[in-house]
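Before any comments, here is the structure.
Below, read A as the first sequence line, B as the second, and so on, with proteins coming before strands; counting in each chain starts at 1.
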Amino acid sequence: MQPIPAGFFQADAVSLARRLIGAELYVEGVGGRIVETEAYRADDPASHSFRGPSPRNRAMFGPVGHVYVYRSYGLHWCLNIVCDGASGGSAVLLRALEPLAGLEAMAARRGLDDPRRLCAGPGRLTQALGIDGTHDAMPIDAPPFAVVPASGTHRVEHGPRIGITKAVDEPWRFCLAGSAFLSRPLRRAPD
DNA sequence: CGTTAGATCTCCT
DNA sequence: GGAGATCTAACGT
């Protein structure tokens with residue numbers, strides 16, 4: 001696996017969210033292709049960082065290229081990559097993977113074996129890869145994590161984010177066009 | 001197909 | 001006290 005280019009994560013959340021589509025993510029060799037992301041900017045009312053640092057979100061104000069892992073609705077974990085470190089508070093949420101390696105480990109952790117449902121959603125993705133709060137603030141370009149940049153050509157579509165109640169119209173959800181591994185179909189803007 | 005309730009963490013008012 | 005970047009099972013159509 002080739003290393004991540006220097007400065008890969010040194011970008012604003014929206015451009016990194018787009019660039020991560022088609023890249024690959026592995027944890028202890030288990031993972032696959034990133035097919036769905038969402039951008040959360042520092043000045044974004046929907047972002048956990050909007051009201052400043054707290055014990056939970058402190059990783060969002062730490063080094064670029066580290067992860068922010070938080071507990072969602074009391075029982076799920078969600079994985080973000082911190083970016084745009086100048087002022088802090090900006091990150092990309094990883095929402096879905098196309099499983100490529102370690103399918104058996106994922107199935108065991110998830111309690112099901114349908115590849116389409118193993119990593120189709122932020123909580124499912126972390127469960128399948130064995131990610132929890134112990135990973136919070138770790139660098140994503142070092143073990144147990146590994147990221148491989150996208151290669152070749154592919155089409156990226158974007159639309160509104162999911163599950164939020166603020167800034168609902170910002171089209172900062174990015175998906176690999178035609179992927180069968182999304183958490184939900186993309187709601188496209190009318191022509 | 002669709003909608004709903006319940007799991008119970010972290011932060012804000 | 002209540003909302004939230006979620007998911008699952010259960011139930012109605």
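- Base-pairing analysis of DNA chain B finds the following stems of at least three consecutive Watson-Crick or G-U pairs, with both pairing distances under 3.5 Å: B:1-7 with C:6-12, B:9-12 with C:1-4.
- Heavy atoms of L75(A) sit under 4.0 angstrom from at least one base atom.
- Remark: the backbone N or O of F50(A) is not paired with any side-chain donor or acceptor of D44(A) at under 3.5 angstrom.
- Here chain A contacts DNA chain B (any atom closer than 4.0 Å to a heavy atom, that is under 4.0 Å), and the contacts span dA7(B) to dT13(B) from 5' to 3'.
- Listed for the R19(A) side chain is no donor-acceptor partner under 3.5 Å among the backbone atoms of A150(A).
- Separating the P atom of dT13(C) from that of dA5(B) is a span of 15 Å, rounded to the nearest Å.
- Side-chain contact, Q127(A) with R110(A): a donor N or O sits under 3.5 Å from an acceptor N or O.
- Partner of E36(A) under the salt bridge (Lys or Arg N to Asp or Glu O under 4.0 Å) criterion, chosen from R95(A), R124(A), R18(A): R95(A).
- Around the CG atom of D113(A), the shell of radius 6.0 Å holds no more than 12 heavy atoms that belong to other residues, nucleotides or ligands.
- Among the atoms of the strands shown, only primed sugar atoms or phosphate atoms (P, OP1, OP2) are found under 4.0 Å from some heavy atom of T165(A).
- For the atom pair CG (L182(A)) and CD (E157(A)), the distance works out to 9.0 Å, reported to the nearest 0.5 Å.
- One N or O on the side chain of T126(A) and one on the backbone of W77(A) form a donor-acceptor pair closer than 3.5 Å.
- Using a 4.0 Å heavy-atom distance criterion, R184(A) is classed as making no nucleic acid contact.
- A distance of 11.0 Å separates OG1 in T37(A) from CG in L97(A), rounded to the nearest 0.5 Å.
- Rounded to whole Å, the C1' atom of dT10(B) lies 22 Å from the corresponding atom of dT8(C).
- The SG atom of C78(A) sits 3.5 Å away from the OH atom of Y70(A) when rounded to the nearest 0.5 Å.
- At a threshold of 4.0 Å, the pair R41(A)-D84(A) does not count as salt-bridged, since none of the basic side-chain nitrogens sits closer than that to a carboxylate oxygen.
- Protein chain A touches strand DNA chain C; the 5'-most and 3'-most nucleotides with an atom under 4.0 angstrom of its non-hydrogen atoms are dG4(C) to dT8(C).
- Contact check on D114(A) versus R116(A) returns no salt bridge, with no Lys/Arg side-chain nitrogen under 4.0 Å from an Asp/Glu carboxylate oxygen.
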